[in-house]
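Chain identifiers are assigned alphabetically (A, B, ...) following the order of the sequence lines, protein sequences preceding nucleic acid strands; residue numbering begins at 1 within each chain.
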2 protein chains.
Amino acid sequence: MTASRPGPNLNRIATSLGVSVATVSNALSGKGRVSGQLVERIREHAAELGYVPSQAGRALRTGRSGVLGLVLPDIANPLFPKIAQAIEFAASAAGYGVLIADSRGDVAAQTEAINRLVERGVDGMVIIPRRGTRISSAACPVAIIDTPSTPGNTVSADHWQGGLEIAGHLAGLGHRRILIIGNNQESNVQNDRAGGIRSGMRPGMHSETLWIDQLEQENGSGCPLGLAEKVSQGFTAFAALSDLQALRALTELQQAGINIPTDVSVTGFDDLIWSSVVTPSLTTVRMDMDRIAEIAVSALVDTIKTSSIREGVLVTAKIKRVAMQLIVRQSSGPAKPPQKTSEMENM
Amino acid sequence: MTASRPGPNLNRIATSLGVSVATVSNALSGKGRVSGQLVERIREHAAELGYVPSQAGRALRTGRSGVLGLVLPDIANPLFPKIAQAIEFAASAAGYGVLIADSRGDVAAQTEAINRLVERGVDGMVIIPRRGTRISSAACPVAIIDTPSTPGNTVSADHWQGGLEIAGHLAGLGHRRILIIGNNQESNVQNDRAGGIRSGMRPGMHSETLWIDQLEQENGSGCPLGLAEKVSQGFTAFAALSDLQALRALTELQQAGINIPTDVSVTGFDDLIWSSVVTPSLTTVRMDMDRIAEIAVSALVDTIKTSSIREGVLVTAKIKRVAMQLIVRQSSGPAKPPQKTSEMENM
DNA sequence: CTGAAAGCGCTTACAG
DNA sequence: CTGAAAGCGCTTACAG
């Protein structure tokens with residue numbers, strides 16, 4: 001015997017109404033030409049019976065599962081909730097479910113995660129690649145969200161422009177010496193953000209970049225960043241490339257007795273939950289994940305619906321970069337403009 | 001015509017090898033009695049062709065999709081990554097995929113999210129209920145992760161015991177006046193944590209509870225918590241019921257010039273990413289989400305495999321509470337033991 | 001406007 | 001040990 005589902009199926013509705021399954025199917029989907037009256041009767045009866053169409057049956061017949069995969073470099077990444085929520089929302093609006101797959105750990109796990117999704121029959125997937133990874137293709141359409149400078153990127157926040165926003169903000173407050181704080185030198189996203197900051201600086205401004213990954217390799221993980229010393233060197237603004245690093249900087253500075261924002265400013269990236277909760281709250285730059293997700297998903301869905309045969313293509317979207325929005329929460333300039341330091345530097 | 005998938009199917013393998021599909025199926029699944037030789041040949045050929053079984057075909061035939069649903073109260077919750085990762089890992093190990101559904105916003109959305117998963121044909125689901133919600137049943141087996149005091153809870157961290165750990169830790173350091181900081185008075189989880197702290201206090205200790213939701217209702221969201229005043233009232237320990245609130249407390253205290261951990265201690269709950277990143281890092285209590293997920297998923301899978309007909313039952317597990325583990329990162333007692341205050345209090 | 005029929009890919013009870 | 005056949009629930013091209 002074959003296993004049967006609990007609920008009613010098309011056949012039950014059909015026989016109970018004395019019509020054919022084809023007609024019921026057509027009536028419910030609104031595709032075939034069925035008389036308005038019958039449509040009405042069928043829909044009513046289906047609702048009454050609590051009919052839930054079988055995805056399996058539909059998938060087998062149409063060759064499409066109605067499910068998208070979401071591959072993340074590391075689910076534990078604090079940015080993940082926003083991304084997942086946005087993708088789920090966009091997919092759901094387009095009538096798709098979202099299957100998650102974490103590429104926990106290494107690059108091999110990413111490939112494995114992708115394969116797992118293919119085995120589950122996803123119609124396409126959204127991949128946020130691991131750092132340094134380059135997705136060539138899978139067995140289905142793929143949308144990539146990373147950064148505009150990543151080859152093959154489908155859509156993403158314009159991280160470079162986000163950096164420009166930060167630089168502009170700090171410049172406007174009168175800061176001249178900026179310490180950029182990143183935690184991964186390999187990250188395309190972080191490099192774009194840093195590049196944006198650097199190129200957005202006005203004449204006379206100076207920046208230095210502190211890569212935490214490098215520092216920790218030398219001094220052990222969790223080591224102090226030595227920011228108090230940087231303050232004494234005349235840095236008045238600390239521009240972290242992610243809110244998490246901003247938080248690290250903020251608390252280290254506070255602990256050293258340096259007042260924020262009176263003495264120095266701290267900015268972040270991403271507008272994560274805690275940015276607004278800490279004292280003082282963080283100036284940061286927000287990506288419009290809903291927009292990004294919407295673009296990625298609709299590009300994906302377009303490809304899925306268009307291509308008759310499921311192929312492994314990298315999907316492209318018309319809009320590839322979505323502007324980041326500056327959220328100003330700290331707005332003090334440097335307390336004692338580091339004039340002397342600057343002058344010395346110019347000598 | 002019916003749509004066909006890109007890859008090879010059982011039929012192709014069968015004809016290409018001159019055997020029947022039944023034999024191929026049996027060989028690949030290892031179920032029927034097929035000669036070792038043939039099994040070998042068939043598996044080899046299948047691998048060569050890059051055969052990927054059709055979930056749709058299998059699901060239609062067996063009545064099981066091999067997919068579990070995960071319903072979250074709010075994906076944007078910072079705890080979500082850990083949960084999702086753990087569930088995905090456990091499900092994946094058990095051979096299941098995970099479909100996510102966010103019950104964004106209100107309670108109605110939760111019901112809708114559940115229905116959406118049912119429509120997608122999940123075999124069962126893990127629900128982390130919204131505060132104050134009570135899941136009665138869905139159209140499939142359901143495992144609930146909340147807190148042991150929630151009726152119907154399948155498995156969860158032992159939040160009460162976590163509170164005991166915190167109280168014991170603070171008592172050991174010599175703290176006598178503890179301010180418990182929560183952000184949601186309705187939350188079962190937070191109430192259990194607070195209850196644990198209170199009941200774990202030694203004689204002579206005193207606690208007060210600050211509910212941020214209540215405070216913000218009066219003074220507007222994002223208002224200061226007035227912790228400096230609490231310090232002057234003799235409180236030396238601030239036990240937040242979540243790491244986010246701990247972070248809020250930590251930075252507010254630092255901003256007020258109060259040194260942590262020299263002057264006062266701050267503890268959290270959950271060991272979220274930032275607990276170890278801030279200065280000073282937070283003492284907190286960690287749930288073993290991997291263990292919890294493993295228990296929830298295996299209870300769910302057991303029910304799915306046992307019940308021949310898919311019913312809407314709340315799944316139960318043998319182990320309902322998983323111990324929380326104290327992570328000590330701050331270990332100073334109160335600088336000036338609030339002796340006088342205590343004495344006054346006893347008068 | 002409605003229905004009969006084929007077939008998507010799989011598994012399983014049964015016959016040989 | 002192997003194969004023929006049925007059937008899970010659906011959709012679609014075709015016939016009426």
Side-chain angles (χ1 to χ4, degrees), chain A residues 1-42 46 49-66 118-121 123 305 308-310, chain B residues 1-42 46 49-66 118-121 123 305 308-310:
Chain A
M1 283 295 103
T2 51
S4 70
R5 295 192 315 149
N9 54 22
L10 285 189
N11 188 49
R12 188 135 119 218
I13 299 175
T15 51
S16 138
L17 240 44
V19 296
S20 76
V21 285
T23 300
V24 176
S25 173
N26 283 326
L28 293 178
S29 68
K31 276 185 182 170
R33 286 128 304 184
V34 184
S35 69
Q37 249 193 359
L38 230 195
V39 168
E40 193 61 23
R41 268 216 304 155
I42 289 173
L49 260 52
Y51 170 69
V52 175
S54 155
Q55 286 296 323
R58 183 174 288 170
L60 184 54
R61 171 60 216 229
T62 62
R64 309 222 181 278
S65 63
V118 171
E119 279 170 25
R120 295 239 164 258
D123 292 337
K305 293 205 168 147
S308 51
I309 297 173
R310 273 170 42 180
Chain B
M1 283 296 103
T2 52
S4 71
R5 294 193 316 151
N9 54 20
L10 285 189
N11 188 47
R12 188 134 119 220
I13 299 175
T15 52
S16 137
L17 240 44
V19 296
S20 75
V21 285
T23 299
V24 176
S25 173
N26 282 327
L28 293 178
S29 67
K31 277 186 180 169
R33 284 128 305 184
V34 184
S35 69
Q37 249 192 1
L38 230 193
V39 168
E40 194 60 24
R41 269 216 304 155
I42 289 172
L49 259 53
Y51 171 68
V52 175
S54 155
Q55 286 296 323
R58 184 174 286 170
L60 184 54
R61 171 60 216 229
T62 62
R64 308 223 181 278
S65 62
V118 170
E119 279 169 26
R120 295 241 163 253
D123 292 338
K305 293 206 168 146
S308 51
I309 298 172
R310 273 169 42 182

Using whole Å, report how far CG of A/Leu28 lies from P of D/dT11. 8 Å
Please identify each residue that fulfils side-chain contact (heavy atoms from CB on, under 4.5 Å) with A/Ala59, with sequence neighbours left out. B/Ala56
Mind calculating the distance between CG (B/Asn9) and P (C/dG9) to the nearest angstrom? 5 Å
Mind checking what makes side-chain hydrogen bond (donor to acceptor under 3.5 Å, both in side chains) contact with A/Ser20, not counting sequence neighbours? A/Thr23
How many whole angstroms separate atom CD of B/Glu119 from atom C1' of D/dG9? 16 Å
If you pin B/Thr23 and A/Val52 to their nearest nucleotides in DNA chain D, which one's is more 5'? B/Thr23
How is B/Ser25 classified with respect to the nucleic acid when contacts are heavy atoms under 4.0 Å: base, sugar-phosphate, or nothing? base
Could you give the CD-to-P distance, from B/Gln37 to D/dT2, as a whole number of Å? 9 Å
side-chain contact (heavy atoms from CB on, under 4.5 Å) partners for A/Val52, two or more places apart: B/Glu119
Ranking C/dT2, D/dT2, C/dT12 by distance to the side chain of A/Leu38, first place goes to C/dT2
Can you tell me the distance, in whole Å, between the CG atom of A/Leu60 and the P atom of D/dG7? 16 Å
With a 4.0 Å limit, can you tell me whether B/Arg58 has a side-chain N or O closer than that to the phosphate oxygens OP1/OP2 of C/dT11? yes
Using whole Å, report how far CG of B/Leu10 lies from P of D/dG7. 20 Å
On the nucleotide D/dA4, are OP1 or OP2 found under 4.0 Å from the side-chain N or O atoms that B/Ser20 carries? no
Pairs in or reaching into residues 50-59 of chain B: which pass side-chain hydrogen bond (donor to acceptor under 3.5 Å, both in side chains), with residues at least two apart or in two chains? none
What nucleic acid atoms does A/Ala22 come within less than 4.0 Å of, heavy atoms only: base, sugar-phosphate, or nothing? base
Nearest-angstrom distance from the residue atom CD1 of B/Ile42 to P of C/dT11: 13 Å
So does B/Lys31 get a side-chain nitrogen or oxygen closer than 4.0 Å to the phosphate oxygens (OP1/OP2) of C/dT12? yes
Just by distance, do the side chain of A/Asp123 and the backbone of A/Gly66 share a donor-acceptor pair under 3.5 Å? yes
Between C/dT11 and B/Ser29, is there an OP1 or OP2 to side-chain N/O distance shorter than 4.0 Å? no
Could you say whether A/Pro53 or B/Val19 is positioned toward the 5' end of DNA chain D, judged by the nucleotide with the nearest heavy atom to each? B/Val19
Show me, range against range, the stems involving DNA chain D, built from at least 3 consecutive Watson-Crick or G-U pairs below 3.5 Å. C:1-3 with D:14-16, C:5-12 with D:5-12, C:14-16 with D:1-3
May I have the list of side-chain donor-acceptor pairs in residues 6-17 of chain B shorter than 3.5 Å, sequence neighbours left out?
unit_1, atom_1, unit_2, atom_2, d
B/Asn9, OD1, B/Asn11, N, 3.2
B/Asn9, OD1, B/Arg12, N, 2.9
B/Thr15, OG1, B/Asn11, O, 3.0
B/Thr15, OG1, B/Arg12, O, 3.2
B/Ser16, OG, B/His45, NE2, 2.6

Look at B/Ser54 and C/dC10 and indicate whether a side-chain polar atom (N or O) is within less than 4.0 Å of OP1 or OP2. no
Please check: side-chain N/O of B/Ser25 versus main-chain N/O of B/Val21, any donor-acceptor pairing under 3.5 Å? no
In whole angstrom, what separates A/Asn26's CG from D/dT11's P? 9 Å
Write down the atom of B/Ala27, the atom of B/Val34, and the distance for their closest heavy-atom approach. N-CG2, 4.0 Å
